[in-house]
Amino acid sequence: MSLAPFRDEVAAAVAEITGLDAAVIAGHLERPKNPDHGDIALPCFRIAKTLEAKNPAKLGGEIATKAGDALCGDGKRFEAVKAAGPFVNFKIATGALARATLEGIDAGGEAYGGGDEGAGKTVVIDYSSPNIAKPFGVGHLRSTVIGAAVARVHRHLGHEVVGVNHLGDWGTQFGTLAIGIERYPDLRPSEDDPDDEAIRKLYGLYVLINNDKRLEDSYRKLDENPGHEAIQRDIECDLASRPDDAPPFERSSGTPIDVAAREWFRRLEAGDAAARAEWQELRQLSLREFDRIYQRLGVEFESTRGESDYNDLLSEAVSLAEASGLTRLSGSDPKDEGEAGALIADLRDDKLAIALLRKADGASLYLTRDIAGVAYRTRTYAPWRNLYVVGKPQELHFKQLKRVCQGIEAVGALKSESGDSVPGGWSDAIVHVSFGHYSGMSTRRGTLVFLEDLLDEAVTRARAASEESKKGPRLEGAELDAALEAIGLGAVIFNDLRQSRVKDIPFDWDRMLSFDGDSGPYLQFGYARLSGILAKWSEAEPKLGDIDPSLLAEPRTRTLLVALARFPDAVREAARSYEPSIISQYLLDLSAAVHAFVHEHQVIRAETPELGRARYALVAATRTVLRTGMGLLGIEALDRM
RNA sequence: GCCCCCGUAGCUCAAUUGGAUAGAGCAACGGACUUCUAAUCCGUAGGUUCCAGGUUCGAGUCCUGGCGGGGGUACCA
């Protein structure tokens, strides 16, 4: 049950009056910003034009009078229709709203708010996708929690969802790390280190070798421009930022690090056994770390494939790109930059710069591997949508990917395994679900905050908040530990999902770990209060048929009802825009209504037994919706806190 | 240089995708716990929606030009 049936009823009545199409009118209906106006509004400017003449205010008055006669009255589902200037506001009869909403939630249970409109439409979601050579920092949190939420929302609507963790386990950065290990063998993590220790060592090595690389570059530039001040400052800065326990920087006269790294990666891609073994071991080490974090966050993937799994498809990806007719070899135009012989697609006419599909030395690139990935996913899953939950800095990359894929689709080059053409639309299915980053951190400079440290700190602060809490049960032992874990993580996850995803999030411990106001624990606390009421109810659980829904009419009670009825609309909006913050904002509204209701009205000691039973039904329904909504975001609901 | 995002209260964000009097939280101030959990609720204060034009019944939202911040821009991912 949502407000949709009521909207349809309004649209039908207005259609009857004006002679316009009901579906068109339904499209114009909106929710008044100010709830005092009503539950549904018709802005008459929208239809005034098609009806010709008449000023909107006059039209509004006419419609209000006629629609009021048709919709309101005994046994009807509306209680008021009023014109306010050019707007016509419709207020739903509280009894009808309560009955329809509570019955809908009772019938749907945890499935309430969802549906089956996604049946037969597979959604592939590429998310989290951490880089093996780097640790799991808070930066990866965003892709993980946004992707997981988008996945759950689509599943709720009946979509088949394939969550794909596309591990960054291939590429030149791996070579950089390998060179670091060659240079500082003592710092290499070993099999015997505990997981946590090993990944930190690896990270230390990663930071160190990148520091070396920058210093090398700077000294080389200084040789060319002796005495250059800016370069000297860079050098001092990098020397200063070197960890105290790190070996001193020694300028090697041999191959520069970046060249050596590219060469190392080329050997790996060519199948060199030693490189392969080293890569395999580092990969396993990182995977163990990631698994621990996914378990903690409650995230599971249907498919975990590294970029390395696409190696067999790389040559095909290149052929597909060539077949599109978009590519040529660099160097054939005298204005080309860089080394000659690379395979490029000149997309400058589409304002998409130049896309690089194969390096001059023959090695693959990110784009090539993503084309292979699209080909694989299209054949394996035939997705209705192919989502990439990846940060905003890669917008150009995904535009290039989509453009090249459109070129490939246009010539029908992609074939299924049986050799038939794949059904069209696969390139348009590609959607980059981009997001802003936490600002104020950089992986390579070593200012990164480990996700596990953040989560641990969140739990510590949750403990302090719990001890300060003035009322409520004193939890102990395992129940307390579990609650603190859920609260700490709830705060972190909600903080990440509460604002629209395109915006950057300033990294701030106090903000991320706030338990007051608009926060995860605010939702959890509302849920716990509802659970407490239900737990203390000693009478028989009232049946929906035995309660009088029209009793649920006090302002705060009705606000709560309207919020419940809106949930299905919020889920659909969140799915349409791939925007979990729609759910977050909705849950804040719902929770505010919960707290306001609980604060003002008694359930167990209600004014009358009938009122108590009606409120009980409302509380039970609300608890279900709150739990479902929190579940969509990945926030655990607690019965006691 | 070119391209893409963002700019709303002191701070962090909303605003039904062009609708009514721009709303929340934090911080500040004042109230509410012998009554189902005060990690809560109620109130006060806080706004030239970066600036200047334009489009129309109507602009925080759309178009043009500035300003400020961030990101991308050929062999990293």
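The figures that follow rest on heavy atoms only: side chains count, while hydrogens, waters and symmetry mates do not. None of the values given here were measured: they were computed from a predicted structure. Every chain is numbered from 1, with letters handed out A, B, ... down the list of sequences.
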With [atom1] as the reference atom in both, quote the distance from [N] to [M] in angstrom, rounded to an integer.
N	M	atom1	result
rG69(B)	rC51(B)	C1'	16 Å
rU56(B)	rG68(B)	P	32 Å
rG53(B)	rG46(B)	P	27 Å
rC42(B)	rA24(B)	P	10 Å
rU21(B)	rC33(B)	C1'	35 Å
rU40(B)	rC57(B)	C1'	45 Å
rU17(B)	rG60(B)	P	16 Å
rA52(B)	rA59(B)	C1'	15 Å

What does [X] touch in the nucleic acid at a heavy-atom separation under 4.0 angstrom: a base, only the sugar-phosphate, or nothing?
X	value
I354(A)	base
R262(A)	sugar-phosphate
K392(A)	sugar-phosphate
D169(A)	nothing
V598(A)	base
Q524(A)	nothing
N89(A)	base
P32(A)	base
S500(A)	sugar-phosphate
G472(A)	base
A41(A)	base
I487(A)	base
D336(A)	base
G338(A)	base

Discussion item. Reading 5' to 3' and counting Watson-Crick or G-U wobble pairs with both distances under 3.5 Å, write the dot-bracket notation for RNA chain B, | for bases paired outside the strand.
Written reply: (((((((..((((.....[...)))).(((((.......))))).....(((((..]....))))))))))))....
Worksheet entry | Residue whose nearest RNA chain B nucleotide is more 5′ - I533(A) or K503(A) |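 This one resolves to K503(A).
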Practice prompt. Assign the ring pair Y522(A) / H595(A) to parallel, tilted or perpendicular, where the plane angle (0 to 90°) is split at 30° and 60°.
Written response: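 It falls in the tilted class, 30° to 60°.
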Residues forming a salt bridge (Lys or Arg N to Asp or Glu O under 4.0 Å) with [X], sequence neighbours excluded:
X	value
R613(A)	none
D510(A)	R461(A)
K399(A)	none
E485(A)	R296(A)

Worksheet item: Would you say the side-chain atoms of Y310(A) and R305(A) include a donor-acceptor pair closer than 3.5 Å?
Response: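 Yes - a donor-acceptor pair under 3.5 Å links their side chains.
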Worksheet item: In residues 357-373 of chain A, which ones come under 4.0 Å of RNA chain B, going by heavy atoms?
Response: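 Those residues whose heavy atoms fall under 4.0 Å from RNA chain B, taken from residues 357-373 of chain A in numerical order, are K359(A), A360(A), L365(A), Y366(A), R369(A).
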Fill in: Those residues of residues 571-582 of chain A lying under 4.0 Å from RNA chain B by at least one heavy atom
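Under 4.0 Å from RNA chain B: E573(A), R576(A).
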Partner residues of [X] under the ring pair (Phe, Tyr, Trp, His ring centres under 6.0 Å) criterion, sequence neighbours left out:
X	value
F515(A)	none
Y388(A)	F398(A)
F136(A)	H140(A), F290(A), Y294(A)

Discussion item. Between H37(A) and F87(A), is the ring centroid distance below 6.0 Å?
Written reply: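 Centroid distance H37(A)-F87(A): not below 6.0 Å, so no.
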Practice prompt. May I have all residue pairs that pass salt bridge (Lys or Arg N to Asp or Glu O under 4.0 Å) and include part of residues 462-474 of chain A, sequence neighbours excluded?
Written response: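 Qualifying pairs, neighbours excluded: R463(A)-D481(A).
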Worksheet item: How would you list, by chain and number, every residue that makes a side-chain contact (heavy atoms from CB on, under 4.5 Å) with L329(A), sequence neighbours excluded?
Response: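 With sequence neighbours excluded, L329(A) shows a side-chain contact (heavy atoms from CB on, under 4.5 Å) to L343(A), R358(A), given in chain and number order.
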Worksheet item: Where does rC33(B) land, syn or anti, given syn is within 90° of 0?
Response: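 Classified syn.
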Fill in: Chi-based syn or anti call at rU17(B), which uses purine or pyrimidine torsion atoms and a 90° bound
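Syn, since the glycosidic angle lies within 90° of 0.
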What's the closest nucleotide to the [X] side chain, out of [options]?
X	options	result
H595(A)	rG72(B), rU40(B), rA77(B)	rU40(B)
Q499(A)	rA38(B), rC13(B), rA20(B)	rC13(B)
V502(A)	rA32(B), rC6(B), rA39(B)	rC6(B)
F525(A)	rA74(B), rA24(B), rU40(B)	rU40(B)

